[in-house]
Peer 1: 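Take a look at the following structure, please.
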Amino acid sequence: MSRRLPIYIAIDTSGSMYGEAIQSVNVGLQAMLTALRQDPHALDSVHLSVITFDIEVKELFPLTPLSQVQIGEIICPRSGPTYTGEALALIVERTKRDIISSTSERKGDWRPMLFLMTDGSPSDVARYDEILPQIKNCHFGRIIACAAGPKAKIDQLRKLTDTIVSLDTTDSTAFSSFFKWVSASVEMRSSSIGAGSADVLPPPPAEIQIVI
Amino acid sequence: MIQVRKAKAKNGTIVEYLDEIIGSGGMKDVYFTPDRKHVVAFFRDKQDRQAQERLEMITGVYRERIFNQEGGAYWENLFCWPSQMVEDDKGRIGVVVSTYQNHFFFATGSVNSDFLKIKGREKEGKWFASPSNRNKYLDPAERGCWLDYLRISILLSRAVRRMHAAGLAHSDLSYKNVLIDPAGGHACIIDIDGLVVPGKFPPDVVGTPDFIAPEVIKTCRLDRTDLNRKLPSIATDRHALAVLIYMYLLLRHPLRGDKVHDLDDPQRDEDLSMGERALFVEHLADRSNKIRLDNLKPLELPWKDTAALPCQITGPYLSKLFQQAFVDGLHCPEKRPTADEWEQALIKTVDLLQPCANPQCEQKWYVFDNTKSPKCPFCGTAYKGKLPVLNLYSSRHDGKFLPDNHRLMVYTGQSLFPWHVNRNIVPNERLSLQDRQRVGYFIFHNSTWLLVNERLPGLIDLASKQPVPPGSRIALSDNSQILFSKENGGRLAHIQLVDA
């Protein structure tokens, strides 16, 4: 069997996302799924899981082969906290359960990728800080955080990863370009590699700026 | 309303394009010209003087070297070669390329009313190079049969042979840069703007995963100026070509076995298994990288079962080259088969094909192997009946006939072509229109195999020494001999009747 590429997507569904923001996320996710399925490389390797977090952490679906993924409508409460720490805790647990490691007789999975999107900051800061070292131990190939809108706290995200994508707004254009970029990052794995450098992200589309 | 913008070529010609990006690649943004017969692909990054000089050469001298020669028009279908370098008013550098032909876009796409929504999208090679993509997701009308993949491999080898003959290396051959249309038997090399000219223009890319030669991966951490660093070249193109052919014909990667080189780091494991420690999955002496059956999904069978479908099913000429490419030449670039050798071997392999007797067989054709009980390796249907095999010999200067290591398997409707009857006629782009037409055909009639002569004036039945003029026929019996032509290079066929 060829190696799987596990991808975890964690989406903030706290109260502030209610309304146009969450609608845009839904549209963006669907578009991302379509784009990934149009890529024969992704279709051969990508396994996807989507997790949402507000006062509750929900696993929309566990790691599933791309061709079998069905994303239902994500809804969010009108108000409430953002348990980012709890969401990461679930991801740690899931990677421990799901990721197939190499054995002497079998090739394991590629290093997983994690995309985390939030429009605010963790309400459970203590838990968040406590879980970060464990996330580092999960050996993600890449962690990309998306700070959506002006209220997203970049300082908190910086503790999680160096790659932070910042969206100025939380409208449909911004989210759709973010999810487009997610699929492009995945597709990059199968395209030409430059003679100069090794590991590069695709150039972000116009609406997105990367904060390093 | 989309605005029409203008870009200028060096010679002053104005090229118009519609100001709306229709696609973006790794390095370029692509726009239609107003008539949509061409596209203009602008580089996002600034092109330095050397890069511009290279583009000028590619659109100028190199293009002419290939296209402005006898048989040059033949290449229009095999290459999507940039015709002009242009600069727009913002200083962006771009190239003008023909729009891909219609057959390179999916006509029906995927199964279940195109659930993947790929109808109308480009037929990137990867769709046809993995068992799940080809056999599970693609609409059966898009898949093509084994003969189609053989034809595509011939076209690709021919195109690469032509580039190499002009001293050019593509440097990034992969299923992304080769469009194929199995249903129609077409192939076309795209993204030619990265051409490498040894000693003149160094490569921008190291290649695409799956196709990068082991020596390039092994040395990719060295500095570009390090003398030990290996960059793409004609020798690495040869590796990529061999991988492409292997994947199209056998639907598996020649180096992706189950040997694990690093338990903790999949990327390092990948680098080792494609680079320094690359090992053919079908290596006869070292079985450590074989594909383990217990790790396979049902859909991957029989393709990834190297015992059920060893590369020997591609016939003697190709399996020899696979050995040469993935055993002898894997870590020894100068031993790799050339594109020309692939083209010749593929063409000869076409003469070994038999149609499968099973109408449901998806591959429809297979290489007939009479050393064992002959059967279709893909569906297992046995061949039944008598089958004539023509072993070809040709006359050399002293009138002696020597074996050509070339056989022709006969089936009903099989054609005899000029390149079968004369050693000096080679089926390639330079073949005259007259020599592209068949000169005879074979048919099983009243329990006898017959060769019907259509256009061979010098055909002689050597047993009776009687001429067989055009319009008449000759029965094929075991051990009989036919002389096709007395001309220089003319061939003699020794007939074997195989009973299965």
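As the structure is a computational prediction, the values presented were derived from the model and not from experiment. Reminder, nothing fancy here: chain letters follow the sequence lines and each chain counts from 1. Heavy-atom basis, side chains included; hydrogens, waters and symmetry copies ignored.
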Peer 1: Name, in order of residue number, those residues of residues 112-123 of chain B that have a heavy atom at a distance of less than 4.5 Å from a heavy atom in chain A; otherwise write 'none'.
Peer 2: B:Phe115, B:Leu116, B:Lys117, B:Ile118, B:Arg121

Peer 1: Using 0.5 Å steps for rounding, measure from the CD atom of A:Gln38 to the CZ atom of B:Phe106.
Peer 2: 10.5 Å

Peer 1: Do you know which two heavy atoms are closest between B:Gln267 and A:Trp110, and how far apart they sit?
Peer 2: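 The pair with the smallest heavy-atom distance is OE1-CZ3, 3.7 Å.
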
Peer 1: Report which part of B:Asp265 has an atom under 4.5 Å of a heavy atom belonging to chain A: side chain, backbone, both, or neither.
Peer 2: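 Contact with chain A involves both backbone and side-chain atoms of B:Asp265.
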
Peer 1: Step through the shown structure and confirm whether more than 12 heavy atoms of other residues, nucleotides or ligands are within 6.0 Å of NZ on A:Lys153.
Peer 2: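 Open: at most 12 neighbouring heavy atoms sit under 6.0 Å from NZ of A:Lys153.
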
Peer 1: Are any of the side-chain heavy atoms of A:Arg3 and B:Asp269 separated by less than 4.5 Å?
Peer 2: yes

Peer 1: Roughly how far, to the nearest 0.5 Å, is CD of B:Glu124 from CG of A:Asp39?
Peer 2: 6.5 Å

Peer 1: Where on B:Phe211 is there a heavy atom nearer than 4.5 Å to chain A: the side chain, the backbone, both, or neither?
Peer 2: neither

Peer 1: Does a side-chain heavy-atom distance below 4.5 Å link B:Arg256 with A:Lys107?
Peer 2: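 A side-chain contact is absent here, since even the closest heavy-atom pair is not under 4.5 Å.
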
Peer 1: For B:Lys46, I'd like to know if atom NZ has over 12 heavy atoms of other residues, nucleotides or ligands within 6.0 Å.
Peer 2: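 No, because the 6.0 Å sphere around NZ of B:Lys46 holds 12 heavy atoms or fewer from other groups.
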
Peer 1: With rounding to the nearest 0.5 Å, note down the distance linking CG in B:Asn133 to CG in A:Asp44.
Peer 2: 4.5 Å

Peer 1: If you check every heavy atom in residues 270-278 of chain B against those of chain A, which residues fall under 4.5 Å?
Peer 2: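 The residues closer than 4.5 Å to chain A, in numerical order, are B:Glu270, B:Ser273.
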
Peer 1: Tell me whether the count of non-hydrogen atoms from other residues, nucleotides or ligands lying under 6.0 Å of CD1 in A:Ile75 goes above 12.
Peer 2: no

Peer 1: Are more than 12 heavy atoms from other residues, nucleotides or ligands located less than 6.0 Å from atom NZ of B:Lys28?
Peer 2: yes

Peer 1: In terms of side-chain heavy atoms, does A:Ser102 have a donor or acceptor partner in B:Asp262 at a distance below 3.5 Å?
Peer 2: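 No, B:Asp262 and A:Ser102 have no side-chain donor paired with an acceptor closer than 3.5 Å.
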
Peer 1: Return yes when atom NZ of A:Lys151 has more than 12 non-hydrogen atoms of other residues, nucleotides or ligands closer than 6.0 Å, and no otherwise.
Peer 2: no

